[in-house]
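Remarks on the structure that follows.
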Amino acid sequence: MPYVVTQSCCADASCVVACPVNCIHPAPGEPGFAEAEMLYVDANSCVDCGACATACPVDAIQPHTALTPQQEPFVALNAEYYEVFPHPDRTPLALVPRQRRLGRRGPFRFAVVGSGPAGMYVADELLRHPEVTVDVIDRLPTPYGLVRAGVAPDHQGTKQVTRLFDSIGAQPGFEYLLGVEVGRDVSHDDLACHYDGVVYAVGAATDRRLGIQGEDLAGSVSATDLVGWYNGRPDKQDLRVPLDHERAVVVGNGNVALDVARILTTDPEALATTDIATLPWAALSRSRVREVVVLGRRSPAEAAFTVPELVGLAGIEDLNVVVDVADEPIVGDSAKLRLLAELAARPRVEGRRTLVLRFRTTPERILGDHQVVGVEVTRDGQTENIDCGLVLRAIGYHGAPVADLPYDPASGTVPHDRGRVRPGVYAAGWVKRGPTGFIGTNKSCAQETVARILDDIDAGSLPTPSRGRAELAATLEERGVVPIDRVGWRAIDREERRRGLQRGRPRLKLVDLAEIGRVAREAQPRPGYSAERRRDG
Ligand SMILES: Cc1cc2nc3c(=O)[nH]c(=O)nc-3n(C[C@H](O)[C@H](O)[C@H](O)COP(=O)(O)OP(=O)(O)OC[C@H]3O[C@@H](n4cnc5c(N)ncnc54)[C@H](O)[C@@H]3O)c2cc1C
Ligand SMILES: NC(=O)c1ccc[n+]([C@@H]2O[C@H](COP(=O)([O-])OP(=O)(O)OC[C@H]3O[C@@H](n4cnc5c(N)ncnc54)[C@H](OP(=O)(O)O)[C@@H]3O)[C@@H](O)[C@H]2O)c1
Ligand code: SF4
Ligand code: SF4
């Protein structure tokens, strides 16, 4: 029975390397891989060995027989890909990359700023070289960036990529300095004099603004803040999210818009078994929101959300998914348009929560004196008000300037050449490419950056650090900063899982900074140092 790639694919291509018959495409290096929303298994060539399922970090590949009814549409999606792109050559790819050997003797010490997917993949690539040690620094007291604090709690399969990150963090030569903000607690110059190189993988911290009247009213909230809130980011727990009106409006048509709309319309009981933070879950349980209207300013064909996410939405029981295109017919033969047309024809069932995908509708201003009461929109030249008590902006992220680094304000990125800002300073992930792409996209991005680092090591062009790592720890201590190291993080992780187990949840996130610090400090032998491992002592 063939295997099938399902919606929680994060496009990292681990399955491609594992497949003995080269039947998963597009593969790295093939046209379409960089933009692929997911990969596809060719059912006609699959020999049912299961190697891909073992390799997949997010459990996205399932045997045909194990699919849930919601995953069934993926059989046709996988098959359809091969009707268009047959990939007739089935020679095994043998994609195991040749291990590059360094031309110079180490040790080399690198700081990676940011512990999201990009930072973790960079650390992994660097640690393939026994001469290298890596300290991963993050301003949050817990690692994994948007995987912990962005990916929706009802996508627990996707969050399982943290198992891969756990194993990266367990390698010799790896250490965390969590709860340390570069630009506040340490400067770039501090890092530059303690490390051979610094890699910035700081993501895109801010949201894009609509630039319309009423954007700063109470009840106008950015999706960036909302996802941090429901995912338990300590600094977002005080967010005010009015849920007392029966309608909310989401502006934007990407996957983040679908995520936040879905969470607002999901039965709270279904979220009770996830790692959603406690207070937001309680607020959602009391929510009076029954309808969420998602505004796309363009046509269905131009929607930025991806097919796997739309399939997931369409499969939710007890939710009306309404497609509103006014009188314009949905024409086109792509999988996305076919599914939207099918949804447009579905009857609305009374009594269910409803998610409306409304297209070609532009928000003109947000209405209200102090608190949002509605949104004025235009469609096809007609103006209309939509009553609501909450407006969520989900129109994309934007990278903030990184202290002491060049910055392109238009793209919100650090200018670079294939990841090299200058010898000794590098970028990876969203701060390098801009805020698009899946978790796995950051893997090839990290590989490109690390290739430049290795070039610079071999060329002898890295500046020599003047001070040792222990001196950095002393500097931090002088400034009253006590980093959480990997022993501390493991203690936090254990405690969250222990509390989760008691409630039938994968973890119960700690959200209070003082408590997080206490749990970590009790486990750490002394502040900011792990007694175990280190290749460089
Ligand atoms: C809401 C949301 C949901 C998503 N869901 C999915 C999904 O389901 N599947 C999928 O494949 N992709 C998903 N993505 C995309 C995916 O999360 C990104 O591709 C990925 O996280 C980008 O990785 P990054 O490492 O560049 O940035 P991030 O994940 O943002 O990591 C950056 C890290 O840098 C740290 N940092 C920032 N500034 C500093 C500083 N000055 N000092 C120290 N540390 C700093 C931050 O705290 C953070 O931990 C989602 C994205 C969003 C926004
Ligand atoms: N499950 C998943 O795999 C998952 C989940 C979440 C996020 N992600 C990924 O993370 C990345 C970021 O996602 P995102 O949703 O933040 O960004 P995105 O995909 O870039 O979508 C942004 C949306 O906002 C709209 N928009 C921008 N400016 C607007 C304005 N002024 N008024 C109205 N609409 C406006 C855009 O419309 P236009 O097209 O008209 O500009 C677009 O629909 C994406 O690559 C996404 O796929 C993946
Ligand atoms: S089950 Fe085996 S043959 Fe089939 S796609 Fe997976 S790795 Fe390839
Ligand atoms: S997440 Fe990675 S390993 Fe899993 S199916 Fe997608 S590309 Fe393959």
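Values below: all heavy atoms of this structure, side chains included; hydrogens, waters and symmetry mates excluded. Owing to the predicted nature of the structure, the values given are computational and were not obtained by experimental measurement. As the structure lists them, so they are numbered: ligands from 1, and atoms in each ligand from 1.
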For ligand 1, which atoms sit closer than 4.0 Å to a heavy atom of [X]?
X: L140; answer: 47 (O)
X: G150; answer: 1 (C), 2 (C), 3 (C)
X: T158; answer: 7 (C), 8 (O), 9 (N)
X: G429; answer: 26 (O)
X: E181; answer: 41 (N), 42 (N)

Specify side chain, backbone, both or neither for Y397, according to which of its non-hydrogen atoms lie closer than 4.0 Å to ligand 1.
side chain
Considering only heavy atoms, which of [options] lies nearest to [atom]?
atom: atom 48 (C) of ligand 2; options: T306, N255, V256; answer: N255
atom: atom 44 (N) of ligand 1; options: R139, E309, R233; answer: R139
atom: atom 17 (O) of ligand 2; options: G437, A394, G396; answer: G396
atom: atom 32 (C) of ligand 1; options: A11, A201, G434; answer: A201

With a cut-off of 2.8 Å, does any N, O or S atom of C10 fall short of it relative to atom 4 (Fe) of ligand 4?
no
For ligand 4, which atoms, with element, lie under 4.0 Å from some heavy atom of L39?
7 (S)
Going by the atom numbers of ligand 4, which of them fall below 4.0 Å from some non-hydrogen atom of A13?
2 (Fe), 7 (S)
Can you tell which part of [X] has a heavy atom less than 4.0 Å from ligand 2: side chain, backbone, both or neither?
X: L295; answer: neither
X: F305; answer: neither
X: V151; answer: neither
X: L210; answer: side chain

Can D190 and R479 be counted as an ion pair, charged N to O under 4.0 angstrom?
yes
One should read off an interatomic distance between D485 CG and Y176 OH, to the nearest 0.5 angstrom, of 11.0 Å
Could you state the interatomic distance from CZ (R379) to CD (E328), rounded to the nearest 0.5 Å?
9.5 Å
P57 heavy atom under 4.0 Å from ligand 4
yes
Any atom of ligand 2 sitting under 4.0 Å from a heavy atom of E37?
no
Check whether any protein heavy atom sits under 4.0 Å from [atom].
atom: atom 50 (C) of ligand 1; result: no
atom: atom 42 (N) of ligand 1; result: yes
atom: atom 20 (O) of ligand 2; result: no

Could you check whether H25 and F33 have their ring centres less than 6.0 Å apart?
no
A55, portion touching ligand 4 at heavy-atom distance under 4.0 Å
neither
Under 4.0 Å from one or more heavy atoms of P435, ligand 2 contributes atoms 11 (C), 12 (C)
